[in-house]
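Below you'll find the structure, written out as C-alpha cells, and then a few comments.
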Amino acid sequence: MPATILVTGGTGLVGKAIEWTVEHEAVGSQFGKFADDDQWIYLSSKDGDLRDLKQTMAIFDKYKPTHVIHLAALVGGLFKNMKYKLTFLRDNCLINDNVMWAAKEHGVEKMISCLSTCVFPDKVSYPIDESHVHLGPPHHSNFGYAHGKRLVDVYNHAYNEEFGCNFTSAIPTNIFGPHDNYDLEDSHVIPGLVHKCLLAKKNGTPFTVAGSGTPLRQFIYSRDLAKLFIWQLKEYPEIDPIILSVGEKDEITIKQVAEAIVKAVEFQGEVTWDTSKADGQYKKTASNEKLRKYLPDFEFTPFDKALQESVEWFVQNYDNART
Ligand code: NDP
C-alpha cells in the first residue's frame, strides 16, 4: 500500500526543504526511500488552523495520512520568544495536542514531531544528549516555547504506553536554508544577518550585528535535515528523541557566522557589534553520537556551501521571501 505522508508546517523552512528533497534528490536507500507512488501532502495554515481541534480533525479526515511529519509551530527568534512567552507556550501546546490526538484517532502508523535544542536545561553538562531533555529548567529567555516543545516528548511516551502509538521526535539544532524567515526583527540569526548584510551592501552602510559575537552554535542546512527526517520516518525505531545535528567540532561562533555571511554576500564595508543587545544562551553544544550510530556515513553539506546556496536563494526570491 502506498503511504500518504502529511507534512504539517509544509510551507515553512523545513517543510519546503522536505518538498525539495522529495522532488529533486535521488533519496537513496540509506535514507529509507519512500516508494514513487507514495503521496506527500504539504500543509500550510491556510489548510486549517491546527490550534483548533475541529479544523485539525477535518484535515486528517480529508487526507487520511498513514505517516505524519509534524513541523507546524509558532516559531520565532530570540527577541520574539522573550516577549511572547505565554503565546509561544499556548499556541504550540494547542497545535501539538490537536495534531497528536488527530493522528491517534486516525490510526497514523508513524509520526515524527519536531523539537528544538531550546528544550534542554539551561544548566547542563556538555555535550548535551537526548537523555538531558527533562533534567532541569530551560533557559529563561524562551521558557514558553521550550516547555511547549518538551511536552511533545512526554506526549509521545504517553501515547505509546496507553495506545501503542509509534510517535517519536527529532531535535534539530539551528536550521537555515531557502524559504527561511528573513524578517529583520523576528528571525533566527542566519537569515536575519543575511538580510541585514545585503541591505548594508545596497545602502553603503555598516553591517551591525547584535550581541558580542561570542556565543557558539551548531547549524544544520535545511536540505540535510530534510534527508534525515525522511530517514527517521522510515527507519528510526525509538520513541525517544534523536538529535539531528552536525558534530560538536562543527560548532561555530556568531562572529564566524557573520564573517561567512560577509563573504557570501561579498560585503566590503565596515562590520560593527551592538553589544547592548542580548546574546542569549552562551552555548548549547549537542552531541550527534546517537545519529552517527545509526548513520555513520551521512555527509553534511559544508557550511560555506550551504550558506552560499541560501544567500543565492534569498537574492533570487527577495520579492516573495518572508521579510
Ligand atoms: P517556519 O516558521 O518556517 O514554518 C512554520 C510552519 O508552521 C508554516 O508552514 C506555518 O504555516 C505553519 N503554522 C504555524 N502556525 C500554524 C497554525 N496555527 N496552524 C497551521 N499551521 C501553522 O518553521 P520552520 O520550518 O523553521 O520550523 C519547523 C519546525 O522546526 C518547528 O516545529 C520548529 O519549532 C522546529 N525548529 C526550527 C528551528 C529553526 O532554526 N528554524 C530550530 C529547531 C527546531 P504558514 O506558512 O501558512 O504560516
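Counting starts at 1 for both ligands and their atoms, in listed order.
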(message) What protein heavy atom lies closest to atom 44 (C) of ligand 1? Include the residue and the distance to one decimal.
(response) L115 O, 3.1 Å
(message) Is there a continuous path of hydrophobic side-chain contacts, each under 4.5 Å between heavy atoms, that joins L43 to L94?
(response) no
(request) Identify the protein heavy atom lying closest to atom 41 (N) of ligand 1, giving its residue, its atom name and the separation to 0.1 Å. (result) H188 CE1, 3.4 Å
(request) Indicate, as side chain, backbone, both or neither, the part of K149 found under 4.0 angstrom from ligand 1 when only non-hydrogen atoms are considered. (result) side chain
(message) Please check: side-chain N/O of D47 versus main-chain N/O of S44, any donor-acceptor pairing under 3.5 Å?
(response) yes
(message) Using only atom types and a distance under 3.5 Å, with no angle test, would you say the side chain of S287 pairs donor to acceptor with the backbone of I128?
(response) no
(message) Give me the nearest non-hydrogen protein atom to atom 16 (C) of ligand 1 as residue plus atom name, then the distance to 0.1 Å.
(response) I95 CD1, 4.1 Å
(request) Just jot down the ligand 1 atoms closer than 4.0 angstrom to any heavy atom of R51, in number order. (result) 18 (N)
(request) Using a strict 4.0 Å threshold on nitrogen-to-oxygen distance, state whether E289 and R292 make a salt bridge. (result) no
(message) Heavy-atom contact check, 4.0 Å cutoff: does C118 meet ligand 1?
(response) no
(message) One thing to verify: whether K54 and D52 come together as a salt bridge, which I'm taking to mean a side-chain N less than 4.0 angstrom from a carboxylate O.
(response) no
(request) Answer yes or no: does an N/O atom from D49 fall short of 3.5 Å to an N/O atom of ligand 1? (result) yes
(request) Determine the minimum heavy-atom distance between G247 and Q218, stating which atoms define it. (result) O-NE2, 3.3 Å
(message) Judged on heavy-atom distance to atom 32 (O) of ligand 1, which of T117, N98, L71 sits nearest?
(response) L71
(message) Under 4.0 Å, heavy-atom basis, I'd like to know which part of V14 is in contact with ligand 1: side chain, backbone, both or neither.
(response) both
(request) Report yes or no: is the cationic atom of K104 (NZ for Lys, CZ for Arg) closer than 6.0 Å to the six-membered ring centre of F163, at no more than 45° off its axis? (result) yes
(message) Under a 3.5 Å distance rule, please check whether K64 uses its side chain to pair with a backbone N or O of D61 as donor and acceptor.
(response) yes
(message) With heavy-atom distances below 4.0 Å as the criterion, list the atoms of ligand 1 near P172.
(response) 43 (C)
(message) Less than 6.0 angstrom from the centroid, inside 45 degrees of the normal: does K283 satisfy that with respect to the ring of Y126?
(response) yes
(request) Using a strict cut-off of 4.0 Å, indicate which atoms of ligand 1 neighbour a heavy atom of S44. (result) 47 (O)
(request) Report the nearest protein non-hydrogen atom to atom 47 (O) of ligand 1: residue, atom name, distance rounded to 0.1 Å. (result) S45 OG, 2.6 Å
(request) Look at K305 together with E309 and state whether they make a salt bridge at an N to O cut-off of under 4.0 Å. (result) yes
(request) Would you please indicate yes or no on a ring centroid separation below 6.0 angstrom for Y294 and Y236? (result) yes
(request) State if K16 counts as touching ligand 1 under the rule of any non-hydrogen atom under 4.0 Å. (result) no
(message) Main chain of D91, side chain of R51: is a donor-acceptor contact present, judged purely on distance under 3.5 Å?
(response) no
(request) Examine H70 against ligand 1 and note whether any of their N/O atoms are separated by less than 3.5 Å. (result) no
(request) Please confirm whether the backbone N or O of T208 pairs with a side-chain atom of K196, one donor and one acceptor, at under 3.5 Å? (result) yes
(request) Would you please classify the geometry between the F267 ring and the F207 ring as parallel, tilted or perpendicular, with 30° and 60° separating the classes? (result) perpendicular
(message) I want to confirm something. Looking only at heavy atoms, which of F176, Y42, Y145, F229 is nearest to atom 34 (O) of ligand 1?
(response) Y145
(message) If you measure every N or O of L13 against every N or O of ligand 1, does any of those distances drop under 3.5 Å?
(response) yes
(request) If you have a sec, work out which protein heavy atom is nearest atom 14 (C) of ligand 1 and how many Å separate them, to one decimal? (result) A73 O, 3.3 Å
(request) Among all protein heavy atoms, pick out the one at the shortest distance from atom 6 (C) of ligand 1; state its residue, atom name and that distance to 0.1 Å. (result) G9 CA, 3.5 Å
(request) Examine the proximity of ligand 1 to R322 and report which part, side chain or backbone, both or neither, has a heavy atom under 4.0 Å away. (result) side chain
(message) With respect to A72, determine whether any N or O atom, backbone or side chain, lies less than 3.5 Å from an N or O atom of ligand 1.
(response) no
(request) Could you check atom 19 (N) of ligand 1 against the protein and tell me its nearest heavy-atom contact, residue, atom and distance included? (result) L50 N, 3.0 Å
(message) Can you tell me if T173 contacts ligand 1 (heavy atom of the residue under 4.0 Å from the ligand)?
(response) yes
(message) If we ignore hydrogens and angles and just use 3.5 Å, is the side chain of K284 paired with the main-chain N or O of R217 as donor and acceptor?
(response) no
(message) Is it the case that the ring center of Y318 lies less than 6.0 angstrom away from the ring center of H195?
(response) yes
(request) May I ask you to check if ligand 1 and T11 share an N or O to N or O distance below 3.5 Å? (result) yes
(message) Using heavy atoms and a 4.0 Å limit, tell me yes or no: is D47 in contact with ligand 1?
(response) no
(request) Can you pull out the closest protein heavy atom to atom 23 (O) of ligand 1? Residue, atom name and distance to 0.1 Å, please. (result) V75 CG2, 3.8 Å
(message) List ligand 1 atoms under 4.0 Å from G48, heavy atoms only on the residue side.
(response) 19 (N), 20 (C)
(message) So does L13 get a backbone contact from the side chain of D180, meaning a donor-acceptor N/O pair under 3.5 Å?
(response) no
(message) With respect to L74, determine whether any N or O atom, backbone or side chain, lies less than 3.5 Å from an N or O atom of ligand 1.
(response) no
(request) Have a look at ligand 1 and work out which part of D91, if any, has a heavy atom under 4.0 Å from it: side chain, backbone, both or neither. (result) neither
(request) Look at atom 42 (C) of ligand 1 and find which of I175, N181, D52 reaches it with the closest heavy atom. (result) I175
